[in-house]
Amino acid sequence: MQASKIARAWFGATALVVIAGLAAQIPVSAGTTGGTFQTPAGRVANLLAFFTIDSNILVGIGGLLLALGVAGRSTFAGVLRLTGLVGITVTGVVFQVALADLYELHGWAVFADTMLHKVSPLMCVAGWLLFGPRGQLSWRVLWWSLLYPLVWLAVTLVRGAFIGFYPYPFVDPGINGYGGVAFNCVLIGVLFTGLAAAAVGFDRTFSRRDEQDDYLAADPPEGVERIRDAGAH
């Protein structure tokens, strides 16, 4: 039970990191002048175009459900967990390798950047390694999780062709050409698929399917808990 409390606290803290990062990023984006979007509402809505923001939202939702003990063991729960885990890992890796030096940030933008690009990925990956949940992933879950990057890429390219906005330089045909964009996307796709496969392999190797993580279910009523404790003695 103590391990369950620690796991839930970790998942809850991860969700709070995401919430804090988004809470800081929204006013920063709203107050940024120039660019494609001329109104604060347009700039805030455009945050959903960023893979970083979408991945953090998935991590935040997944962490909150685990913290509350309502995640369950459905295929959907596994897809949500794996998609958030791999998406935020790719976010952290790609940002540090290709994007970290592109922008000069100040004030709350530095805080939001730190929460969403550094703390959130580290906490999500560490939480999954330490607490799982185990026995939740499968190759079927992996294939479903690939829908997220594919849909994001399709929407990004189609939308960008109409409005001329691309959230990252590596998916901008005006900078790289469509051949360069395709090459970059293949590399990131291989990274995403490889990380997802590694996560599934790790889960299948180290999970004990005869033992379920008790933080996947809501806490029982107090009377039931007392009966359970009495039986343990």
Colleague: Which heavy atom in V44 sits nearest to a heavy atom in A30, and how many Å separate them?
Modeller: CG2-CB, 3.7 Å

Colleague: Find out if a path of hydrophobic residues (ILVMFWY) with successive side-chain heavy-atom gaps under 4.5 Å connects L146 to L82.
Modeller: yes

Colleague: Please report the closest heavy-atom contact between P169 and N176, naming both atoms and the distance.
Modeller: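 Scanning both residues completely, I find the closest heavy atoms to be O-ND2, 2.6 Å.
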
Colleague: Nearest 0.5 Å, what's the OG1-CD1 distance between T52 and I88?
Modeller: 7.0 Å

Colleague: For residues V79 and L147, determine if any side-chain heavy atom of one lies less than 4.5 Å from a side-chain heavy atom of the other.
Modeller: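 Counting from C-beta outward, V79 and L147 never come under 4.5 Å.
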
Colleague: Of all heavy-atom pairs between Y166 and G160, which one has the smallest distance, and what is that distance?
Modeller: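 Minimum heavy-atom separation between Y166 and G160: OH-C, 3.3 Å.
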
Colleague: Flag the pair L48 / I57 as yes when at least one side-chain heavy-atom distance between them is below 4.5 Å, and no otherwise.
Modeller: yes

Colleague: Please answer whether the main-chain N or O of S29 pairs with a side-chain N or O of R43 as donor and acceptor at a distance below 3.5 Å.
Modeller: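 Flag set: sc R43 to bb S29 pair under 3.5 Å.
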
Colleague: Does L58 share a hydrophobic cluster with V70, counting links as ILVMFWY side-chain heavy atoms below 4.5 Å and allowing steps through other members?
Modeller: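 Yes, same cluster.
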
Colleague: Locate the shortest heavy-atom distance separating F50 from P167; write the atom from each residue and the value.
Modeller: CE2-O, 3.4 Å

Colleague: Below 3.5 Å, can you tabulate the donor-acceptor pairs from side chains in residues 122-129 to any protein atom, sequence neighbours excluded?
Modeller:
none

Colleague: T75: what forms a side chain to side chain donor-acceptor pair (under 3.5 Å) with it, not counting sequence neighbours?
Modeller: R140

Colleague: Take atom CH2 in W143; do more than 12 heavy atoms of anything else shown fall under 6.0 Å from it?
Modeller: no

Colleague: Under 4.5 Å between side-chain heavy atoms, hopping through other hydrophobics if needed: is there a path connecting V155 to F51?
Modeller: no

Colleague: For V18 and I61, run side-chain contact (heavy atoms from CB on, under 4.5 Å): C-alpha distance rounded to whole Å, both residues' side-chain angles, the deciding distance at 0.1 Å, then the answer.
Modeller: CA-CA 9 Å; V18 172; I61 293 173; over 6 Å; no

Colleague: Which pairs, with at least one residue in residues 148-161 and sequence neighbours excluded, count as a side-chain hydrogen bond (donor to acceptor under 3.5 Å, both in side chains)?
Modeller: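 side-chain hydrogen bond (donor to acceptor under 3.5 Å, both in side chains) check on residues 148-161 returns N46-R159, S55-Y148.
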
Colleague: Is there side-chain contact between N184 and V171, with heavy atoms separated by less than 4.5 Å?
Modeller: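 No - every pair of side-chain heavy atoms lies 4.5 Å or more apart.
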
Colleague: Could you go through S120 and V59, starting from their C-alpha distance and side-chain angles, then the distance that decides it, and tell me whether this counts as side-chain contact (heavy atoms from CB on, under 4.5 Å)?
Modeller: CA-CA 8 Å; S120 173; V59 168; 4.2 Å; yes

Colleague: Please find the pair of heavy atoms, one from A24 and one from F111, that lie closest to each other, and give the distance.
Modeller: CB-CD2, 3.6 Å

Colleague: Of all the heavy-atom pairs spanning G132 and F11, show the shortest one and how long it is.
Modeller: O-CZ, 4.0 Å

Colleague: What pairs meet the side-chain hydrogen bond (donor to acceptor under 3.5 Å, both in side chains) rule with one or both residues in residues 77-93, with sequence neighbours excluded?
Modeller: none

Colleague: Under the side-chain contact (heavy atoms from CB on, under 4.5 Å) rule, what do S145 and V86 come out as? Steps first, then yes or no, please.
Modeller: CA-CA 9 Å; S145 73; V86 179; 6.0 Å; no

Colleague: Could you tell me whether the side chain of D203 and the main chain of L137 form a donor-acceptor pair under 3.5 Å?
Modeller: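 Flag set: sc D203 to bb L137 pair under 3.5 Å.
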
Colleague: Go through the structure and list residues passing ring pair (Phe, Tyr, Trp, His ring centres under 6.0 Å) with F37, not counting sequence neighbours.
Modeller: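 Here the qualifying residues are F165.
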
Colleague: Would you say that L66 contacts R8 through its side chain, given a criterion of any heavy-atom pair below 4.5 Å between the two side chains?
Modeller: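 In short, these two side chains do not touch, never coming nearer than 4.5 Å.
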
Colleague: Are the side chains of L187 and L191 in touch, meaning some heavy atoms are under 4.5 Å apart?
Modeller: no

Colleague: For side-chain contact (heavy atoms from CB on, under 4.5 Å), just list the numbers for L80 and L65, CA-CA rounded to whole Å, side-chain angles, deciding distance to a tenth of an Å, and then say yes or no.
Modeller: CA-CA 10 Å; L80 176 63; L65 293 177; 3.9 Å; yes

Colleague: Hey, any chance F183 and Y178 share a hydrophobic cluster, counting ILVMFWY side chains that come within less than 4.5 Å of each other, even indirectly?
Modeller: no

Colleague: Tell me whether L116 is reachable from L64 by hopping between hydrophobic residues (I, L, V, M, F, W, Y) whose side-chain heavy atoms are closer than 4.5 Å.
Modeller: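 L64 clusters together with L116.
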
Colleague: Which ILVMFWY residues can you reach from V186 by hopping between side chains whose heavy atoms are under 4.5 Å apart?
Modeller: V190

Colleague: Classify the angle between the aromatic ring planes of F170 and Y168 as parallel (below 30°), tilted (30 to 60°) or perpendicular (above 60°).
Modeller: parallel

